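The structure displayed is predicted, hence computed values, not measured ones.
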Amino acid sequence: VQAAQILVAESLAVGDAAAPVLDEHIRAADQFAQRLDALGLLQVERHAELLRPAPDDRILDAGSGTANVTAVLAVPGARVTGIDFCEPALERCRRKVPTAEFLVADLTRTLPFGDATFDKAACSLVLHYLTPERQRFALTELRRVLRPDGALAISVFAKGFNTWRVYGETLRARRETDGVVGTAVAGARYLVNTARIFYYVWRIKRAEKSGDYRFATAEDLRDMLSGAGFRVVSVEPTMAGQCWTALARKPGAAADGGQ
C-alpha cells in the first residue's frame, strides 16, 4: 500500500494520461499486501482489533487507499465510509468492499460530514504526507466528526525504521504458516512486486530525510493526538517497528464541553 501512495500523488499531478500506470501500481501494491506481506496484514487487522467494529456502528476510514483497512472494518451491519483524494483508488475500493460507501474527500479540508457523525474512525499511513499544521487540522476534523467517546485507530510511519528488518520479519511470519518451500515459492512469484515495494519505500524514506514527509516517534504521535483534543489510550509498534499504531478517544460530553 505504501508503494502505491507515491504513485497516486505523482499520477494525479500529471493528469489522466497516467491513469493506466496508476491503476497498475495500485493493483500491484494491493496484490502484494494481500498475498505476501503477513506483517502488513497484521497491521491492517490491528485497526479492527482496536476498534472492535460491531453491527450498527458508523465507521470512517480516513485515507482508505485500496480499502485493506476498510475491508476488516466492514463487519455485517456496520455502516462504513471510506474517503480518499484519489478516485482511481476508490474505484478499486468499491469493487473490493461493495458494502461500504466511498467518497472523494481531502483531510486537509473540512470533511463533508456533520459533527459527531461516526462512532469510530481509522486513519492508516496518511499523516506523513501532511505538514504539522495540516496534521493538526486533519486530526481536529477527525475529532469533530466522531461522537463523544468515539474511538480513533491511527497508524503512522516510525522514524528510523529498518526496511530489511521488516522484510526479514515478513518472511519469518510467512514461514510459520507456509513452511520454507511455500515461502520460497511466494518470494519468487512476487519478486518483481517485492523489488518495486523496496524501491518505493526507499523513495519514501528519502522524502522523509529531505523534509517532504514527516515520520513520527511514539511521543510525537501522542503529542499530535493530545494536541487535537484526543485522549490517548495506547501507542504500540507494528510491522516490526516500521509503524506506530495508536488508539485514542474523543472525550465524552461532560469533559468535552458538549462539543
Side-chain angles (χ1 to χ4, degrees), residues 1-10 12-13 43 46-47 50-51 60-65 69 82-86 89 104-113 115 117-118 120-146 150-163 166 200-239 241-251 255-257 259:
V1 175
Q2 302 98 300
Q5 291 175 325
I6 282 182
L7 269 296
V8 168
E10 292 181 350
L12 287 177
Q43 194 260 355
R46 188 60 181 145
H47 293 81
L50 291 170
L51 291 177
L60 175 66
D61 183 10
S64 53
V69 173
I83 60 171
D84 204 286
F85 75 104
C86 177
V104 175
D106 187 341
L107 279 170
T108 67
R109 300 181 180 181
T110 301
L111 296 178
F113 310 110
D115 296 354
T117 297
F118 297 99
K120 299 167 183 176
C123 184
S124 179
L125 304 180
V126 174
L127 291 188
H128 63 279
Y129 288 122
L130 309 181
T131 63
E133 294 76 15
R134 289 182 172 182
Q135 288 175 345
R136 284 192 292 272
F137 180 84
L139 288 172
T140 300
E141 273 297 282
L142 291 176
R143 176 182 175 275
R144 179 184 67 80
V145 301
L146 278 171
L152 169 68
I154 184 167
S155 293
V156 298
F157 281 120
K159 284 184 178 177
F161 74 82
N162 186 307
T163 308
V166 175
Y200 286 112
V201 169
W202 171 77
R203 288 181 61 181
I204 290 170
K205 294 188 73 172
R206 186 179 68 172
E208 189 262 345
K209 288 181 179 179
S210 69
D212 293 332
Y213 292 165
R214 281 145 291 275
F215 294 176
T217 64
E219 195 58 35
D220 291 336
L221 182 54
R222 286 183 179 275
D223 289 345
M224 283 191 285
L225 291 165
S226 298
F230 283 99
R231 175 172 58 85
V232 181
V233 177
S234 64
V235 179
E236 62 190 63
T238 50
M239 284 193 70
Q242 182 177 351
C243 305
W244 293 106
T245 299
L247 175 66
R249 288 190 176 276
K250 177 177 178 175
D256 202 32
Q259 296 293 316

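A donor-acceptor pair is defined here as one N or O able to donate and one able to accept, closer than 3.5 Å; such a pair exists between the side chain of Arg214 and the backbone of Leu130.
For the side-chain contact (heavy atoms from CB on, under 4.5 Å) test, residues two or more places apart in sequence or in another chain that qualify with Asp106 are Thr108, Arg109. For Phe113, the ring-ring contact (aromatic ring centres under 6.0 Å, His included) partners at least two apart in sequence or on another chain are Phe118. Ala121 meets the side-chain contact (heavy atoms from CB on, under 4.5 Å) test with Leu60, Leu146, Leu152; sequence neighbours excluded. In terms of the side chain to side chain donor-acceptor pair (under 3.5 Å) criterion, Thr110 has no residue partners (sequence neighbours excluded). The side-chain contact (heavy atoms from CB on, under 4.5 Å) test applied to Val232 returns Arg222, Leu225, Ser226, Val235, not counting sequence neighbours. In this structure, Arg249 has no side chain to side chain donor-acceptor pair (under 3.5 Å) partners at least two apart in sequence or on a different chain. Evaluation of the side chain to side chain donor-acceptor pair (under 3.5 Å) rule for Thr238 yields Thr245 as partners, not counting sequence neighbours. Shown here are the salt bridge (charged side-chain N to carboxylate O under 4.0 Å, His left out) partners of Arg134, two or more places apart in sequence or in another chain: there are none.
The shortest heavy-atom contact between Cys243 and Leu125 is SG-CD2, 3.7 Å. Between Ala105 and Pro112, the shortest heavy-atom contact is CB-CD, 4.0 Å. Here the closest heavy-atom approach between residue Ala62 and residue Ile83 is recorded as CA-CG1, 3.7 Å. The two residues Ala248 and Phe230 have their closest heavy-atom pair at CB-CB, 3.9 Å. Between Arg143 and Pro251, the shortest heavy-atom distance links the atoms NE-CD, 4.4 Å. Closest approach of Asp84 and Gly63 over heavy atoms only: OD2-C, 3.5 Å.
Counting heavy atoms from C-beta outward, Pro237 and Trp244 have side chains that approach closer than 4.5 Å.
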**Request:** Give the intermediate values and the outcome of side chain to side chain contact (heavy atoms under 4.5 Å, CB included) for residues Cys123 and Leu107.
**Result:** CA-CA 10 Å; Cys123 184; Leu107 279 170; 4.3 Å; yes
**Request:** Give the C-alpha distance, both sets of side-chain angles, the deciding distance and a yes or no for side chain to side chain contact (heavy atoms under 4.5 Å, CB included) between Gln242 and Gln43.
**Result:** CA-CA 10 Å; Gln242 182 177 351; Gln43 194 260 355; over 6 Å; no
**Request:** Please step through side chain to side chain contact (heavy atoms under 4.5 Å, CB included) for the pair Val233 and Leu50, ending with a clear verdict.
**Result:** CA-CA 10 Å; Val233 177; Leu50 291 170; over 6 Å; no
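Here Leu139 contributes atom CG and Ile154 contributes atom CD1; the two are 5.0 Å apart, rounded to the nearest 0.5 Å. Rounded to the nearest 0.5 Å, atoms CD (Gln135) and CG (Leu127) are 5.0 Å apart. Taking NE2 of His47 as the reference point, atom CG of Leu247 lies at 10.5 Å (rounded to 0.5 Å).
Classification of the Tyr213-Tyr129 ring pair by plane angle, with boundaries at 30° and 60°, yields perpendicular.
Remark: Asp220 engages Lys159 in a salt bridge, criterion side-chain N to carboxylate O under 4.0 Å.
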